[in-house]
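Take a look at the structure below.
Because only heavy atoms are used, hydrogens play no part in the values below, and waters and symmetry mates are left out as well, while side chains stay in. A note on names: the letters A, B, ... follow the listed sequences, proteins ahead of strands, and every chain is numbered from 1.
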Amino acid sequence: MEKALTLEIVTPDKLVLSETVDYVGAPGYEGEFGVLPNHIPFLAALQIGNLYYKAGGRTNYVFVSGGFADISNNKVTILAESAEKAEEIDVERARKAKERAEQRMAQQKEKLDYARAQAALQRAMSRLKAAQHEKAA
Amino acid sequence: MPSLKDVELKITAVKKTKQITKAMNMVASAKLRGAQQKIERFRPYADKFYSMLSDLAGKADEGAHPLLEVRSEIKTVGIVLGTSDRGLCGSFNTNMINTAKRLAREKAAEGKSVKFYCVGKKGRDQIKKTEFELKLALADRMGSLDFTLANEIGLDIINAYLGGELDEVILVFGEFVSVARQVPTTLQLLPIASADAEGGEGEGGGGEYIYEPDVVGLLGELLPRFVKVQIYRALLDTSASEHAARMSAMDNATKACNDMINALTLLFNKTRQAAITTELMDIVGGAEALKG
């Protein structure tokens, strides 16, 4: 029997995704990592970024806004505060959010607001990137 | 004896009230279903979160993170109170506000100062009238409850806690037991009580984990989020409880309307009967007089 990975992405609002996949690439805290079947148990914090998985020869992208990945027994569970499949991303909204964040960063140099704007910018850019990948595929 | 017209007017008024209470009952039951669905959808996230955290907490020391540490001297207590934005839900809000006030008085009697964080209009309005400080008030947010709200409150509280402004934080919310039962519940939010009492067993299996970053670093990421998860869960429960309480309150009101309509209809009939009798007596009397 061939071992397969199960990928589950959970947010407070819903179960975003639950699928059998061949490979998962995730934006780890200390850099991207890949997961293949029979991976050792692994618990990692995630950055804002894009996660991708391969299933049936196709690569799919999912935006995650940070969170955690728990890998054990060939099961990858992602806990994120928000996650969107690439095809569900609202490109227009992300673009606007990006502009807004850039403006705010240009305007104020105060530390807290700056960090918030930076995080917002990062989220917007990751969303756009995921959407682009989706289009190319 | 009231006039016929008066009684008729009163019956119409009560009937209209009944229409409203009935409609509110149905709206509340639809909203309750929505709230329960939200709880349902949040459960997988919360369950996974608890098991992850209890796994980790077992591997770290007590003092591994400031959010876990119990402070030796507690000067200021924060109370997070979740109530509804609207009334007409029986004693639901009153129960919760009283629980919170009692807790605050207890703490004040021990010489600690109390600060309130209120979600929901009803709680805010009541706490404003007390001697306690109202640190944060969020009104009109329960309707479209989502994680952002919990995030906002969580950030505020964690910052205050780490800044030494608060030494202990307690959550007061309406736990949703069943449609017929909602219990005002208190829960210690900070410092985080040992997590394993809360969540289920760790998933076991798989032997030793690799952690990235290390255990302490991960805890630093997980714990603040845990606080928000707790707040979100409490708010979801409060929202479901509110709708359930309103449902039964409106059900009772509709029943009371029915009773009133019955009583009034009886009165109306009696009055009408009396009027007819007097009229008949008049006519008969008149006829007798003519004959004579």
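Around the CZ atom of A:Arg93, the shell of radius 6.0 Å holds no more than 12 heavy atoms that belong to other residues, nucleotides or ligands. Under a cut-off of 6.0 angstrom, the local environment of CZ in B:Arg41 is crowded, with over 12 non-hydrogen atoms contributed by other residues, nucleotides or ligands.
The shortest heavy-atom contact between A:Ala80 and B:Tyr45 is O-CE1, 3.4 Å. B:Glu221 approaches A:Ala45 most closely through the heavy-atom pair CG-CB, 4.3 Å. When all heavy atoms are compared, the tightest approach of B:Pro213 to A:Glu30 is CB-OE2, 3.6 Å. Contact detail for B:Glu212 and A:Gly31: the closest heavy-atom pair is OE2-O, 4.2 Å. Among all heavy-atom pairs drawn from A:Phe68 and B:Phe49, the shortest one is CE1-CE1, 4.4 Å.
Only the side chain of B:Leu56 comes within less than 4.5 Å of a heavy atom of chain A; its backbone N, CA, C and O stay farther away. Only the side chain of B:Arg225 comes within contact range of chain A, with heavy atoms under 4.5 Å apart. Contact annotation for A:Ser82: neither backbone nor side-chain heavy atoms come within less than 4.5 Å of a heavy atom of chain B.
Inter-residue side-chain proximity for A:Glu81 and B:Asn151 is flagged as met; some heavy-atom pair is nearer than 4.5 Å. The side-chain heavy atoms of A:Leu15 and B:Pro44, taken from C-beta on, include no pair separated by under 4.5 Å.
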Begin from the C-alpha positions of B:Leu218 and A:Tyr29 and carry the test side chain to side chain contact (heavy atoms under 4.5 Å, CB included) through to its verdict. CA-CA 10 Å; B:Leu218 265 175; A:Tyr29 195 78; over 6 Å; no

Before you tell me yes or no, could you show the steps for B:Lys48 and A:Asp70 under side chain to side chain contact (heavy atoms under 4.5 Å, CB included), namely the whole-Å CA-CA distance, both residues' side-chain angles and the distance that decides it to 0.1 Å? CA-CA 9 Å; B:Lys48 189 73 205 167; A:Asp70 177 17; 3.0 Å; yes

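Here the straight-line distance linking atom OH of B:Tyr232 with atom CG of A:Asp13 works out to 5.0 Å at 0.5 Å rounding.
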